[in-house]
Asks: 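Quick one: this structure, given as structure tokens, is what I'll be asking you about.
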Amino acid sequence: MKHKENQRPFVLHKTDVHLWVIPLDVDPQEREKLVTLLSPEEKKRAEKFYFDRDRNRYIVARARLRTLLGQYLSVQPQRLIFGYNTFGKPFLVSPVFQEMVQFNLSHSHDWGLIGITTVGPIGVDIEKIKSSIEADTIGKRFFAKGEVDVLSAAPSSEKLDIFFSCWTRKEAFIKAIGKGLTFSLQDFEINPRPEEKYPELQFLKPSAEGENLWKLFAFEPVDGFKAAVAVRSQKAPVFRVFHFQSTGEAPWKH
Ligand code: COA
Ligand code: MG
């Protein structure tokens, strides 16, 4: 496995948030190996996908999630047990592991993103920038007023960039709190400007979610994709991006 920076992965310091960018299309031989890491429930879920491509990507994302968490926790990936909150957010069932790491996963087309940290609840989102999106129309439907204002005022050449910056940031926050879309997208506002790497979040209605505690980080994981992460943290987190590269061998030690 390679990573972009010199820091050793798999060791989380107190304020670290590690972001793993993961290619989801792998050769069939490798996928055969990866599927053996999944639990019976995950294998059952994989069988339910209609398209092979979606099934394959789900398998790779889940297997990489297990592999990475296994590395941070020094546990074999197969031994990890996931629970799910009412809205489907996965967490580690073991209270000991829960204290050691929190995580979240996202996928879009052939890329996945996994965020791992000890700082607090985390949400991540990755999205392929699709030029077919009607940015203004969808933005007006889903975004908060200040976000729509930025989008509407932008020249058409910048709209897609702003739209997907806004979308990934909002979704990362929604995923961090783990309540899905029961938390209204109109009740909070983020800075959607693409050049803002650490966008601020503001609640537009009184919220129990702790306004000043949310820290966001936005980045371009690979060409043509946007990504964002949101964490609830008292201290300023240190965000680090790693690119996962399979060696073809099991990247953990027994
Ligand atoms: N909270 C956080 N994470 C969740 C979750 C929840 N309630 N439910 C599932 N997840 C995790 C899972 O690991 C899931 O992947 P898996 O099933 O392969 O393990 C992963 O998040 C899915 O995230 P992503 O790939 O980003 O999918 P999505 O964009 O299709 O769905 C959810 C995002 C999970 C929040 C979905 O419930 C949802 O509400 N989607 C609506 C999207 C939207 O309108 N966003 C608004 C942006 S302005
Ligand atoms: Mg998403």
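Hydrogens, waters and symmetry mates are skipped; everything else that's a heavy atom, side chains included, is used. Order of appearance sets the numbers: ligands from 1, and atoms from 1 within every ligand. Residues take their numbers from the sequence shown, with the count starting at 1. These numbers come from a predicted model, not from an experiment.
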Asks: In the protein, which heavy atom is nearest to atom 4 (C) of ligand 1, and how far is it?
Replies: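 The closest heavy atom on the protein side is K89 CA, 3.7 Å.
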Asks: Taking the six-membered ring for Trp, is the centroid-to-centroid distance between F225 and W167 below 6.0 Å?
Replies: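 No, the ring centres sit 6.0 Å or more apart.
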Asks: To the nearest 0.1 Å, how far is atom 22 (C) of ligand 1 from its closest protein heavy atom, and which atom is that?
Replies: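 The closest one turns out to be K175 NZ, 3.8 Å.
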Asks: Looking only at atom types and distance, does a side-chain atom of T117 sit under 3.5 Å from a main-chain N or O of D16, one as donor and one as acceptor?
Replies: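 Present.
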Asks: Heavy-atom contacts under 4.0 Å between K179 and ligand 1: side chain, backbone, both, or neither?
Replies: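 Neither; nothing of K179 gets under 4.0 Å from ligand 1.
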Asks: Keeping the roles fixed (side chain from K89, backbone from Y84), state whether a donor-acceptor pair exists under 3.5 Å.
Replies: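 It does not hold such a pair.
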Asks: Which of the atoms of ligand 1 are close to L181, meaning less than 4.0 Å from one of its heavy atoms?
Replies: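 Close to L181: 39 (O), 41 (C), 44 (O).
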Asks: Where do K14 and V119 come nearest, in terms of heavy atoms and distance?
Replies: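 Shortest heavy-atom contact: O-CG1, 3.1 Å.
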Asks: Can you tell me if CD on Q234 sees more than 12 non-hydrogen neighbours from other groups inside 6.0 Å?
Replies: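 For Q234, atom CD is not crowded (no more than 12 foreign heavy atoms under 6.0 Å).
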Asks: So, does R169 use its side chain to make a donor-acceptor pair with the main chain of L201 at under 3.5 Å?
Replies: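 Not at all, since once roles are kept as given, no pair shorter than 3.5 Å links the two residues.
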Asks: Do the rings of Y58 and F49 sit parallel, tilted or perpendicular, given the 30° and 60° boundaries?
Replies: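 Y58 and F49: tilted rings.
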Asks: Ignoring hydrogens and geometry, is there a side-chain-to-backbone donor-acceptor pair from Q78 to S39 under 3.5 Å?
Replies: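 Judged by distance alone, no pair lies under 3.5 Å.
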Asks: With heavy atoms only and a cut-off of under 4.0 Å, state how I126 meets ligand 1: side chain, backbone, both or neither.
Replies: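 None of I126 does.
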Asks: Can you pull out the closest protein heavy atom to atom 11 (C) of ligand 1? Residue, atom name and distance to 0.1 Å, please.
Replies: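 Going atom by atom, the protein heavy atom closest to atom 11 (C) of ligand 1 ends up being P90 CD, 3.7 Å.
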Asks: What do you think, any protein heavy atom under 4.0 angstrom from atom 45 (N) of ligand 1?
Replies: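 Given the 4.0 Å limit, the answer for atom 45 (N) of ligand 1 is yes, a protein heavy atom qualifies.
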Asks: Is it true that Y58 lies under 4.0 Å from ligand 1, counting heavy atoms only?
Replies: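 Heavy atoms of Y58 do come under 4.0 Å of ligand 1.
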Asks: Does the protein put a heavy atom under 4.0 Å from atom 24 (P) of ligand 1?
Replies: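 Neighbour list for atom 24 (P) of ligand 1 includes protein heavy atoms (cut-off 4.0 Å).
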Asks: Please work out, at 4.0 Å between heavy atoms, whether the side chain, the backbone, both, or neither of S106 comes within that distance of ligand 1.
Replies: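 The part of S106 near ligand 1 is both the backbone and the side chain.
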Asks: Identify, by atom number and element, the atoms of ligand 1 in contact range of G88, meaning under 4.0 Å from any of its heavy atoms.
Replies: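 Within the 4.0 Å cut-off of G88, ligand 1 contributes 5 (C), 8 (N), 9 (C), 10 (N).
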Asks: Compare K170, R45, E42, E171 and give the one whose heavy atom is closest to atom 43 (C) of ligand 1.
Replies: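 Nearest heavy atom to atom 43 (C) of ligand 1 lies in E171.
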Asks: Would you mind finding which of N104, I122, L65 brings a heavy atom closest to atom 3 (N) of ligand 1?
Replies: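 The option holding the nearest heavy atom is N104.
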Asks: Considering only the protein, which heavy-atom contact is closest to atom 18 (O) of ligand 1, and what is its distance?
Replies: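 Checked against all protein heavy atoms, atom 18 (O) of ligand 1 sits closest to H107 NE2, 2.8 Å.
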Asks: Using the side-chain hydrogen bond (donor to acceptor under 3.5 Å, both in side chains) definition, which of the options H109, R53, R57 pairs with D25?
Replies: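 Of the listed residues H109, R53, R57, the side-chain hydrogen bond (donor to acceptor under 3.5 Å, both in side chains) partner of D25 is R57.
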Asks: Looking at E171, pick out the N, O or S atom nearest to the Mg ion (ligand 2) and give its name.
Replies: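 E171's closest N, O or S atom to the Mg ion (ligand 2) is named OE2.
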Asks: What protein heavy atom is closest to atom 19 (O) of ligand 1, reported as residue, atom name and distance in Å?
Replies: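 For atom 19 (O) of ligand 1, the nearest protein heavy atom is R62 NH2, 2.7 Å.
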Asks: Against the six-membered ring of F219, is K197 placed for a cation-pi contact (under 6.0 Å from the centre, within 45° of the normal)?
Replies: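 No, cation not above the ring by the 6.0 Å, 45° rule.
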Asks: Looking at I122, is its backbone amide N or carbonyl O close enough to the side chain of K175 to form a donor-acceptor pair, meaning the two atoms are under 3.5 Å apart?
Replies: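 No: the side chain of K175 does not pair with the backbone of I122.
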Asks: What atom name does the N, O or S atom of D125 nearest to the Mg ion (ligand 2) carry?
Replies: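 Going through the N, O and S atoms of D125 one by one, OD1 ends up nearest to the Mg ion (ligand 2).
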Asks: Does any N/O atom on L105 come nearer than 3.5 Å to any N/O atom on ligand 1?
Replies: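 It does: an N or O of L105 is found under 3.5 Å from an N or O of ligand 1.
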Asks: Which of the atoms in ligand 1, numbered in the order shown and given with their element, are less than 4.0 Å from a heavy-atom of D125?
Replies: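 Atoms satisfying the 4.0 Å criterion: 26 (O).
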Asks: Over all heavy atoms of both residues, which pair between L204 and A144 is shortest? Give the atoms and the distance, please.
Replies: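 So the two residues come closest at CD1-CB, 3.9 Å.
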Asks: Does some non-hydrogen atom of A61 fall short of 4.0 Å from ligand 1?
Replies: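 Flag not set, A61 not near ligand 1.
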Asks: Ion pair present between K226 and D161, side-chain N to carboxylate O less than 4.0 angstrom?
Replies: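 Yes, K226 and D161 are salt-bridged.
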Asks: Looking only at protein heavy atoms, which one is nearest to atom 37 (O) of ligand 1, and what is the separation?
Replies: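 Sorting protein heavy atoms by distance from atom 37 (O) of ligand 1 puts G180 CA, 4.9 Å first.
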Asks: Ignoring hydrogens, tell whether any protein atom lies closer than 4.0 Å to atom 40 (N) of ligand 1; use the non-hydrogen atoms only.
Replies: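 Looking at atom 40 (N) of ligand 1, one finds that no protein heavy atom lies closer than 4.0 Å.
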Asks: So does E134 have more than 12 non-hydrogen atoms from other groups sitting under 6.0 Å from CD?
Replies: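 Open.
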Asks: Quick check: closest heavy atoms across I190 and E147, and the distance to 0.1 Å?
Replies: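 Result for this residue pair: N-OE2, 2.8 Å.
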Asks: Answer yes or no for G123: is there a heavy-atom contact with ligand 1 below 4.0 Å?
Replies: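 G123 does not count as a contact of ligand 1 under the 4.0 Å cut-off.
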Asks: Are any of the N/O atoms on F87, whether in the backbone or the side chain, positioned under 3.5 angstrom from an N/O atom of ligand 1?
Replies: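 Yes, since at least one N or O of F87 sits under 3.5 Å from an N or O of ligand 1.
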Asks: By atom name, which N, O or S atom belonging to E127 lies closest to the Mg ion (ligand 2)?
Replies: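 This residue's closest N, O or S atom turns out to be OE2.
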